[in-house]
Amino acid sequence: MTKMITCLWFDNGKAREAAEFYASVFPDSHVGKAHASPVDIPSAKVGEDLTVEFTVLGQAYVGLNGGPNFKPNEAVSFMVLTENQDETDRYWDAIVGNGGKESACGWCKDRWGFSWQITPRVLLDATTDPDRAAAKRAMEAMMTMRKIDIAAIEAARRGDG
């Protein structure tokens with residue numbers, strides 16, 4: 001059994017909806033057991049989902065239908081490392097295209113308010129390049145982007161353009 005599981009707080013009974021969406025987008029993901037509320041509480045009636053277990057990219061989570069008291073914010077985000085532009089585009093487009101919102105530098109929010117960093121490994125390599133001038137160029141290029149454009153990051157790293 002996993003010793004540490006991240007709990008995500010959802011409003012309006014949306015934990016199952018979110019879990020199903022995440023499982024449809026990311027590999028090594030699935031929706032697990034749901035646990036019904038044994039009593040009426042402000043966020044769930046008897047028999048309604050109180051929690052939903054799910055896995056995203058092999059990481060265990062539990063969604064808690066906790067009500068409107070707490071909202072997600074950018075202080076916590078999910079960083080997903082991608083291998084190529086197709087994978088970057090697929091994840092970004094799935095999140096943004098299903099009620100989410102674009103942000104800057106590879107960040108976006110899903111429709112439940114959770115922040116995601118869709119981060120190509122190329123970007124990490126470029127911004128940590130031992131050639132500090134190359135790293136600076138790559139970082140400056142990233143700062144102009146919403147979704148990361150791998151070709152533009154690689155060009156900036158090389159000093160093209």
Side-chain angles (χ1 to χ4, degrees), residues 1-37 41-44 48-129 135-136 138-150 152-153:
M1 175 163 189
T2 303
K3 291 188 178 226
M4 187 168 136
I5 299 172
T6 302
C7 180
L8 304 179
W9 185 288
F10 291 90
D11 189 12
N12 297 318
K14 298 295 185 181
R16 176 180 297 282
E17 178 183 297
E20 289 172 351
F21 172 74
Y22 301 148
S24 76
V25 171
F26 299 102
D28 194 17
S29 303
H30 67 274
V31 179
K33 295 180 188 173
H35 302 279
S37 180
I41 57 176
S43 62
E48 293 178 347
D49 288 346
L50 180 58
T51 62
V52 177
E53 297 173 9
F54 60 100
T55 300
V56 177
L57 293 166
Q59 173 68 44
Y61 295 91
V62 63
L64 171 65
N65 287 319
N69 296 345
F70 303 106
K71 304 287 184 213
N73 66 54
E74 291 81 1
V76 174
S77 64
F78 303 105
M79 183 181 218
V80 178
L81 298 177
T82 59
E83 302 302 326
N84 55 51
Q85 193 67 53
D86 287 343
E87 189 177 32
T88 301
D89 293 348
R90 185 172 59 254
Y91 296 156
W92 179 275
D93 294 346
I95 291 168
V96 172
N98 284 283
K101 294 180 183 173
E102 293 185 346
S103 191
C105 305
W107 288 58
C108 57
K109 276 189 183 180
D110 66 28
R111 68 177 173 238
W112 301 279
F114 292 100
S115 292
W116 295 79
Q117 297 178 60
I118 308 302
T119 309
R121 288 185 193 275
V122 166
L123 175 64
L124 297 180
D125 293 343
T127 58
T128 60
D129 192 312
K136 180 179 188 260
M139 180 69 91
E140 288 171 344
M142 180 207 59
M143 297 297 289
T144 68
M145 298 177 185
R146 290 187 176 271
K147 176 172 57 177
I148 301 302
D149 178 334
I150 292 174
I153 293 295

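Residues take their numbers from the sequence shown, with the count starting at 1.
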**Prompt:** Can you check whether I41 reaches L50 side chain to side chain, under 4.5 Å on heavy atoms?
**Reply:**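 Contact flag for I41/L50 side chains = yes.
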**Prompt:** Got L57 and P27 here, is their nearest side-chain heavy-atom distance under 4.5 Å?
**Reply:** yes
Parallel, tilted or perpendicular: ring planes of [X] versus [Y], cut at 30 and 60 degrees:
{"X": "W9", "Y": "F70", "value": "perpendicular"}
{"X": "W112", "Y": "F10", "value": "perpendicular"}
{"X": "Y61", "Y": "F54", "value": "parallel"}

Between [X] (side chain) and [Y] (backbone), is there a donor-acceptor pair under 3.5 Å?
{"X": "N65", "Y": "D49", "answer": "yes"}
{"X": "S24", "Y": "Y22", "answer": "no"}
{"X": "T55", "Y": "A60", "answer": "no"}
{"X": "E48", "Y": "A44", "answer": "no"}
{"X": "N84", "Y": "D86", "answer": "yes"}

**Message:** Run E53 and R16 through salt bridge (Lys or Arg N to Asp or Glu O under 4.0 Å) and show every step you take.
**Reply:** CA-CA 9 Å; E53 297 173 9; R16 176 180 297 282; over 6 Å; no
**Asked** Going through the checks in order, is the side chain to side chain contact (heavy atoms under 4.5 Å, CB included) test met by Q85 and I148?
**Response** CA-CA 8 Å; Q85 193 67 53; I148 301 302; 5.8 Å; no
**Message:** If we check ring-ring contact (aromatic ring centres under 6.0 Å, His included) with W116, which of these qualifies: W92, W107, F78?
**Reply:** F78
**Pair T88, T82: side-chain N/O donor-acceptor within cut-off below 3.5 Å** =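 Yes, T82 and T88 have a side-chain donor paired with an acceptor closer than 3.5 Å.
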**Request:** Ignoring hydrogens and angles, state whether a donor on the side chain of S77 or Q117 is under 3.5 Å from an acceptor on the partner side chain.
**Result:**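 The answer is yes; a qualifying pair exists.
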**Prompt:** Taking 4.0 angstrom as the limit, do R146 and E102 come out as a salt bridge?
**Reply:**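 Salt bridge flag = yes for E102 with R146.
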**Message:** I'd like to know if K101 pairs up with D110 as an ion pair, taking the criterion as any Lys NZ or Arg NE/NH1/NH2 lying under 4.0 Å from an Asp or Glu carboxylate oxygen.
**Reply:**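 Salt bridge absent between K101 and D110.
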Roughly how far apart are [X] [atom1] and [Y] [atom2], rounded to 0.5 Å?
{"X": "D11", "Y": "S43", "atom1": "CG", "atom2": "OG", "value": "8.5 Å"}
{"X": "F26", "Y": "E87", "atom1": "CZ", "atom2": "CD", "value": "9.5 Å"}
{"X": "L64", "Y": "C7", "atom1": "CG", "atom2": "SG", "value": "4.5 Å"}
{"X": "R121", "Y": "I150", "atom1": "CZ", "atom2": "CD1", "value": "11.5 Å"}
{"X": "L123", "Y": "D149", "atom1": "CG", "atom2": "CG", "value": "11.0 Å"}

**Prompt:** More than 12 heavy atoms of other residues, nucleotides or ligands under 6.0 Å from NZ of K71: is that the case?
**Reply:**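 Yes, the 6.0 Å shell around NZ holds more than 12 heavy atoms from other groups.
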**Request:** Mind running side chain to side chain contact (heavy atoms under 4.5 Å, CB included) on M143 and C105 for me, showing each step along the way?
**Result:** CA-CA 6 Å; M143 297 297 289; C105 305; 3.7 Å; yes
**Request:** Could you walk me through whether K109 and E74 pass side chain to side chain contact (heavy atoms under 4.5 Å, CB included), step by step?
**Result:** CA-CA 9 Å; K109 276 189 183 180; E74 291 81 1; 2.7 Å; yes
**Message:** Walk me through whether L124 and L81 qualify under side chain to side chain contact (heavy atoms under 4.5 Å, CB included).
**Reply:** CA-CA 9 Å; L124 297 180; L81 298 177; 3.5 Å; yes
